[in-house]
Peer 1: 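Supplied in structure tokens, the structure appears directly below.
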There are 2 protein chains.
Amino acid sequence: MGKGEQTRQTILDEAFSLASCIGVGGLSIGVLADRTHMSKSGLFAHFGSKEELQLAVLRESQQRFAEVVVRPALRLPRGLGRLRAIVVNWLDWTKTCNLPGGCVINAAAAEFDDQPGPLRDEVRNALLALNRTLAATVAKAVETGELRADTDIEQFVFELNGIYQATQQRRRLFDDPDADRRALAAFDRLVRDHAVIHAKE
Amino acid sequence: MGKGEQTRQTILDEAFSLASCIGVGGLSIGVLADRTHMSKSGLFAHFGSKEELQLAVLRESQQRFAEVVVRPALRLPRGLGRLRAIVVNWLDWTKTCNLPGGCVINAAAAEFDDQPGPLRDEVRNALLALNRTLAATVAKAVETGELRADTDIEQFVFELNGIYQATQQRRRLFDDPDADRRALAAFDRLVRDHAVIHAKE
DNA sequence: GACACAAACGAACGATCGTTCTATAAAGTG
DNA sequence: CACTTTATAGAACGATCGTTCGTTTGTGTC
């Protein structure tokens with residue numbers, strides 16, 4: 001890895017954790033230059049524009065998410081177990097990664113949902129991809145016979161999203177220590193309602 | 001109402017709908033002065049600081065929310081019907097009010113959950129108050145015998161929050177026309193799982 | 001060591017930020 | 001009407017914003 005790539009990654013690391021606290025929109029070249037002990041222009045040259053820097057942070061976030069949340073779960077056999085692993089990794093990934101201020105993309109979703117442009121598009125695509133991954137995982141749990149065949153997969157994913165958002169808010173704004181427990185309770189109820197009915201003994 | 005109160009309200013109206021699009025943190029005195037055809041200093045004098053302006057917007061938002069979402073539902077008899085009315089009003093309130101860019105407080109929750117200060121406190125208190133209102137409404141549906149006595153009310157409210165957040169994201173970022181239908185489906189499932197079991201005919 | 005190239009710097013640009021000051025216009029009151 | 005208070009305007013402040021430019025430093029290659 002050349003010198004350029006190296007410092008670019010250093011900048012991106014710092015920008016990533018900074019964006020977690022103040023949002024992708026709140027990033028500023030000057031502050032970032034201070035934190036990385038660089039000059040504004042030196043840092044700027046690596047990206048060409050602020051928007052390009054912000055996009056790079058969003059892409060970095062997607063990549064880490066795939067590595068930390070999705071990939072480990074793919075080693076489990078398809079079905080409910082894998083789905084549950086993804087959900088657990090998902091809920092925990094702000095702790096796993098260096099995300100002191102919560103998921104960057106999720107915050108960006110609320111920030112840019114009204115402002116058309118490349119940033120909104122990137123966030124939208126990232127979350128669409130996540131939803132597709134979740135849908136595919138749920139579909140496999142239907143195939144294995146653990147979830148009912150008439151399960152509305154899109155609805156299932158919709159509710160998974162709700163669980164995540166509620167958990168984040170409870171944790172971050174209310175400092176609620178029960179947030180994780182509540183999230184798992186909601187997940188269990190969701191699964192129970194769609195599980196195949198076993199013959200009673 | 002004196003002249004001062006009057007223009008202050010005009011400013012607040014504009015700030016309210018502007019904040020809906022770009023967030024409370026994105027408000028700027030200059031832009032707001034242009035939109036209200038005032039000078040920066042003239043506008044500024046009404047609030048004394050930018051933070052005070054932002055707080056005023058958050059309070060304005062709380063007030064409108066109470067009027068549009070909660071109060072109409074209080075005219076219904078306590079119980080599930082009232083709860084459902086609040087949920088429906090809640091889901092629709094960004095359309096009812098002048099909120100082209102979504103709920104101001106909800107966006108502010110994601111924006112300030114990492115930045116201690118009066119703004120975060122205000123947001124936190126507003127959402128705590130909402131959660132208390134929801135909890136009280138759910139509790140009354142337990143009292144009327146529509147929901148089971150062993151209902152975990154905090155969990156119920158937690159999941160209501162999730163439904164709201166998921167709906168907002170689906171609507172605003174994905175332009176999903178089915179968001180409302182999905183929200184009601186999730187609400188119905190939530191209620192069904194906590195409803196008292198009626199004797200089958 | 002000479003050379004080509006990439007990387008980082010420092011200074012400056014115009015714009016906008018929140019804020020302060022002083023002065024003028026309007027509104028409210030007797 | 002006159003008088004006091006309130007409301008608004010205008011100019012300017014220092015700070016920061018993203019960006020551009022020219023220069024210097026560093027790296028890697030013949």
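Quick note: numbers below take in every heavy atom, side chains included, and nothing from hydrogens, waters or symmetry partners. Within every chain, numbering begins at 1; the chains are lettered A, B, ... in the order of the sequence lines, protein sequences first and strands thereafter.
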Peer 1: So, under a plain 3.5 Å distance rule, would you say the side chain of A:Lys40 forms a donor-acceptor pair with the base of C:dG10?
Peer 2: no
Peer 1: Check if the side chain of B:Ser41 and the base of D:dG10 share a donor-acceptor pair of N or O atoms closer than 3.5 Å.
Peer 2: yes
Peer 1: In this structure, which one of A:Glu60, A:Glu67, A:Gln62 forms a side-chain hydrogen bond (donor to acceptor under 3.5 Å, both in side chains) with A:Arg64?
Peer 2: A:Glu60
Peer 1: If you find the nucleotide of DNA chain D closest to A:Val31 and the one closest to B:Ala45, which residue's nucleotide is nearer the 5' end?
Peer 2: B:Ala45
Peer 1: Tell me the interatomic distance from A:Glu51, atom CD, to D:dC17, atom P, rounded to whole angstroms.
Peer 2: 18 Å
Peer 1: OP1 or OP2 of D:dC17 less than 4.0 angstrom from a side-chain nitrogen or oxygen of A:Ser28, does that happen here?
Peer 2: yes
Peer 1: Take the protein atom NZ of B:Lys50 and the nucleotide atom C1' of C:dT20, then report the distance between them rounded to whole Å.
Peer 2: 17 Å
Peer 1: So B:Glu51 and B:Leu119, do their side chains get closer than 4.5 Å, heavy atoms only?
Peer 2: yes
Peer 1: Whole angstrom is fine here: how far is it from CD in B:Gln9 over to C1' in D:dA7?
Peer 2: 17 Å
Peer 1: Please state how far atom CD1 in B:Ile22 lies from atom C1' in C:dC17, giving the value in whole angstrom units.
Peer 2: 13 Å
Peer 1: At less than 3.5 Å, do the side-chain atoms of A:Lys3 and the base atoms of D:dG26 form a donor-acceptor pair?
Peer 2: no
Peer 1: Hey, can you tell me if B:Phe65 and B:Trp93 have their rings parallel, tilted or perpendicular (30° and 60° cut-offs)?
Peer 2: perpendicular
Peer 1: In whole Å, what is the span from the NE2 atom of A:His46 to the P atom of D:dG18?
Peer 2: 17 Å
Peer 1: Does a side-chain N or O of B:His37 approach OP1 or OP2 of D:dT8 to a distance below 4.0 Å, or not?
Peer 2: no
Peer 1: Please walk me through it: do A:Arg84 and A:Asp188 pass salt bridge (Lys or Arg N to Asp or Glu O under 4.0 Å)?
Peer 2: CA-CA 9 Å; A:Arg84 184 174 244 274; A:Asp188 287 340; 2.6 Å; yes
Peer 1: Taking CG from A:Leu53 and P from D:dG18, how many angstroms apart are they, rounded to a whole number?
Peer 2: 9 Å
Peer 1: Starting at atom CG of B:Leu43, determine the distance to atom C1' of D:dT6, rounded to an integer number of angstrom.
Peer 2: 16 Å
